[in-house]
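Along the sequence shown, residues are numbered consecutively beginning with 1.
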Amino acid sequence: MSALEGRVDSAALPLAVGDLLAILGVLTIGMIQHSTFGPERAAGVYAPFLIGWAAAALVIGAYSAGAAESAKAAIPLGIRAWVLAALVGFGLRWTPVFPGNLAVAFVLITLLLTGVLLGGFRWLFFKVVG
């Protein structure tokens, strides 16, 4: 049995839509506000956080069977996964491989706003879907 077995349940995969919209949306808005949005730049800004999210979502179980059952389970799993993903993303962004820097304001805004949006989407998902 794999250590990651049971970490992804197809019933929880619809949550990925909102999660990715929250992550990419905050990053996109930031680039637009700073007049740095463009295809080449966006790929380099998205990549560290998507790498972090892919790893963290699996490790934390953001798409596990438990996440598919209720907002009470899905929200904490998503937020814990986001905190880990953000740490990975910030760490990668701190390297010369990815564009940008690691300003304190960027860290705080990205961490908090994305966490709120991700949790809010998961809450709304269960209000609508039941």
Side-chain angles (χ1 to χ4, degrees):
M1 181 191 297
S2 165
L4 295 177
E5 191 171 317
R7 293 292 185 176
V8 177
D9 184 299
S10 61
L13 290 180
L15 296 172
V17 173
D19 296 343
L20 292 174
L21 286 174
I23 295 166
L24 298 177
V26 169
L27 296 171
T28 301
I29 290 168
M31 286 184 285
I32 291 169
Q33 287 181 333
H34 293 283
S35 300
T36 60
F37 185 77
E40 305 83 24
R41 171 94 175 163
V45 171
Y46 296 153
F49 296 96
L50 293 177
I51 291 166
W53 182 254
L58 285 173
V59 170
I60 300 293
Y63 303 116
S64 63
E69 292 175 5
S70 70
K72 186 176 179 180
I75 293 169
L77 286 169
I79 291 174
R80 282 195 300 265
W82 169 242
V83 169
L84 179 58
L87 292 173
V88 170
F90 296 138
L92 290 171
R93 189 168 161 124
W94 199 16
T95 69
V97 176
F98 296 100
N101 57 32
L102 208 55
V104 173
F106 170 72
V107 170
L108 293 175
I109 291 168
T110 303
L111 184 62
L112 294 174
L113 184 55
T114 305
V116 167
L117 289 174
L118 196 143
F121 165 76
R122 284 174 172 239
W123 175 83
L124 183 62
F125 176 83
F126 284 98
K127 283 292 182 189
V128 172
V129 173

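- In terms of heavy atoms, A86 sits closest to L111 at CB-CD1, 3.7 Å.
- Closest approach of A74 and L15 over heavy atoms only: CB-CD1, 4.2 Å.
- The hydrophobic cluster containing L118 also contains L13, counting ILVMFWY residues as joined when their side-chain heavy atoms lie under 4.5 angstrom apart, directly or transitively.
- Note on L84 and L108: separate hydrophobic clusters, where clusters join Ile, Leu, Val, Met, Phe, Trp and Tyr whose side-chain heavy atoms are under 4.5 Å apart, directly or indirectly.
- The ring-ring contact (aromatic ring centres under 6.0 Å, His included) check on F106 picks up F90, with sequence neighbours excluded.
- No path of Ile, Leu, Val, Met, Phe, Trp and Tyr side chains, each step under 4.5 Å between heavy atoms, connects V107 with L112, placing them in separate hydrophobic clusters.
- Residues in residues 114-130 take part in these side-chain hydrogen bond (donor to acceptor under 3.5 Å, both in side chains) pairs, two or more places apart or across chains: D19-R122.
- Residue pairs that meet the side-chain hydrogen bond (donor to acceptor under 3.5 Å, both in side chains) test with at least one member in residues 79-92, sequence neighbours left out, do not exist here.
- L113 shares a hydrophobic cluster with V26, L117; the chain of contacts runs through ILVMFWY side chains whose heavy atoms sit under 4.5 Å apart.
- Taking T28 as the reference, Y46 meet the side chain to side chain donor-acceptor pair (under 3.5 Å) condition, with sequence neighbours excluded.
- At a threshold of 4.5 Å between side-chain heavy atoms, the hydrophobic network of Ile, Leu, Val, Met, Phe, Trp and Tyr places V17 and Y63 in two separate groups.
- What you find for A42 and F37 is that their closest heavy atoms are CB-CE1, 3.9 Å.
- The structure places CD of E69 at 8.0 Å from OG of S64, a figure rounded to the nearest 0.5 Å.
- Between V45 and R93, the closest heavy-atom pair is CG1-NH1, 3.6 Å.
- Looking only at side-chain heavy atoms (C-beta outward), W53 and F49 stay at 4.5 Å or farther from each other.
- When all heavy atoms of L77 and G66 are compared, the closest pair comes out as CD1-C, 4.4 Å.
- Contact detail for A56 and A81: the closest heavy-atom pair is CB-O, 3.3 Å.
- Through chains of ILVMFWY side-chain contacts below 4.5 Å, I51 is grouped with V88, L92, V97, F98.
- Both I75 and V128 are part of a single hydrophobic cluster, where members link through side-chain heavy atoms under 4.5 Å apart.
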